[in-house]
Amino acid sequence: QSHSPTPHLTSGLAAAAWTPAMATIDGAVIVVPAELKDTILRDGYRCTRRRRIPCSRDKNAALLAYQRFYPGRQHAFLTVVTLPPGIIADVHKDGYKINTSHLPGRYISLDRSISPAPRPTTTPNFGAFGFAAPAPALAPAQFAPPRRTPDSNPTQLSLVEIFYTQDSCANHFQDGMLLSATKRELESGHKTPADIETITVVKHNNRWLTVDNRRVCVYKRVYPGDYRIPVRIGTEDHRFLAKLKQPLGGTSIFVRGGGF
């Protein structure tokens, strides 16, 4: 399918000038975690990290991209009904990048058509979602996941299943952002766990212990214990043991510096 040579698409008051091109983005799909779809339909889709919202005309490509980013996590398809006035979208490979960090819920609807089965491929095209970036270098708080059976290698855990490795943590992240600021963003819906780097957990003494204590501390103060978040499985190596101050897994943590 050919694209319009026009580099930008528009909507709203200028829609008449771009009617042929607009038809190619109306109905484009966004794949989101199934448990977040109702929140997104109500409050809108936020993409604070990249500040451009990806959508695709190819459901298979969209689903493959999602599964690369959220392996094993249930999904839902949402449809872009139209673009808000003054918002444009760039043509990007098999889809578009909508140039806004927030697409209000009234411009999105639930796609009720039958979801496609992903095409088997060794080199998936993650075009519209941009998730094909190489894995980041392992930092001390990120451990290479071991090969495990599916039962012992979950991709999601409820917060009540996750325990702290440390007995205290700073009141800010490494980039200087306060935990309280992230808490407010989550409470307001401006961010969800999907917008934040996935936490790492390690199986120790038959419990899942996190090495990302600050993120889990924030989540536990915002969401109920049965709320499920994506996790990455780490190994019980010397880096993990260096952080281990609560061998049985802590259920609470002291935040140094106050204000949280």
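Nothing fancy with the numbering, it's 1 onward along the sequence.
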Which pair of heavy atoms, one from [X] and one from [Y], lies closest together, and at what distance?
| X | Y | result |
| --- | --- | --- |
| Thr198 | Pro230 | CG2-O, 3.4 Å |
| Lys183 | Val222 | CG-CG2, 3.7 Å |
| Gly225 | Ser158 | O-CB, 3.6 Å |
| Ala62 | Val31 | CB-CG2, 3.6 Å |
| Pro247 | Asn205 | O-ND2, 3.0 Å |
| Thr100 | His102 | OG1-O, 3.1 Å |

Is there side-chain contact between [X] and [Y], with at least one heavy-atom pair below 4.5 Å?
| X | Y | result |
| --- | --- | --- |
| Ser180 | Asn171 | no |
| Ile196 | Tyr219 | yes |
| Lys203 | Glu236 | no |
| Leu209 | Phe240 | yes |
| Lys220 | Tyr164 | yes |
| Ile199 | Ile162 | yes |
| Arg46 | Lys191 | no |
| Lys59 | Asp111 | yes |

> Hey, what's the ring geometry for Phe77 with His75, parallel, tilted or perpendicular (30° and 60° as the breaks)?
Replying inline: perpendicular

> So which pairs with a foot in residues 246-260 pass side chain to side chain donor-acceptor pair (under 3.5 Å), sequence neighbours left out?
Replying inline: Ser168-Arg256

> What side chain to side chain donor-acceptor pair (under 3.5 Å) pairs are there with at least one residue in residues 30-42, not counting sequence neighbours?
Replying inline: Glu35-Arg73, Glu35-Gln156

If you measure from [atom1] on [X] to [atom2] on [Y], what distance do you get to the nearest 0.5 Å?
| X | Y | atom1 | atom2 | answer |
| --- | --- | --- | --- | --- |
| Thr182 | Asp195 | OG1 | CG | 11.0 Å |
| Ser56 | Leu63 | OG | CG | 10.5 Å |
| Thr155 | Ile229 | OG1 | CD1 | 11.5 Å |
| Thr192 | Tyr223 | OG1 | OH | 6.0 Å |
| Arg214 | Gln174 | CZ | CD | 5.5 Å |
| Ser101 | Ile53 | OG | CD1 | 7.0 Å |

> side-chain contact (heavy atoms from CB on, under 4.5 Å) between Ile108 and Leu41: does it pass, once the steps are laid out?
Replying inline: CA-CA 6 Å; Ile108 310 169; Leu41 287 169; 4.1 Å; yes

same_hphob_cluster([X], [Y]) at 4.5 Å side-chain heavy-atom cutoff:
| X | Y | value |
| --- | --- | --- |
| Leu248 | Phe163 | no |
| Leu241 | Val202 | yes |
| Tyr227 | Trp208 | yes |
| Leu110 | Ile30 | yes |
| Leu178 | Ile253 | no |

>> Could you check whether Thr165 and Asn213, counting side-chain N and O atoms only, form a donor-acceptor pair closer than 3.5 Å?
In response: yes

>> Walk me through whether Val29 and Cys55 qualify under side-chain contact (heavy atoms from CB on, under 4.5 Å).
In response: CA-CA 5 Å; Val29 296; Cys55 59; over 6 Å; no

> Going through the checks in order, is the side-chain contact (heavy atoms from CB on, under 4.5 Å) test met by Phe173 and Leu179?
Replying inline: CA-CA 7 Å; Phe173 293 103; Leu179 304 191; 3.4 Å; yes

> Which is it for Tyr107 and Thr82 under the side-chain contact (heavy atoms from CB on, under 4.5 Å) test, yes or no, and what are the steps along the way?
Replying inline: CA-CA 6 Å; Tyr107 296 100; Thr82 189; 3.7 Å; yes

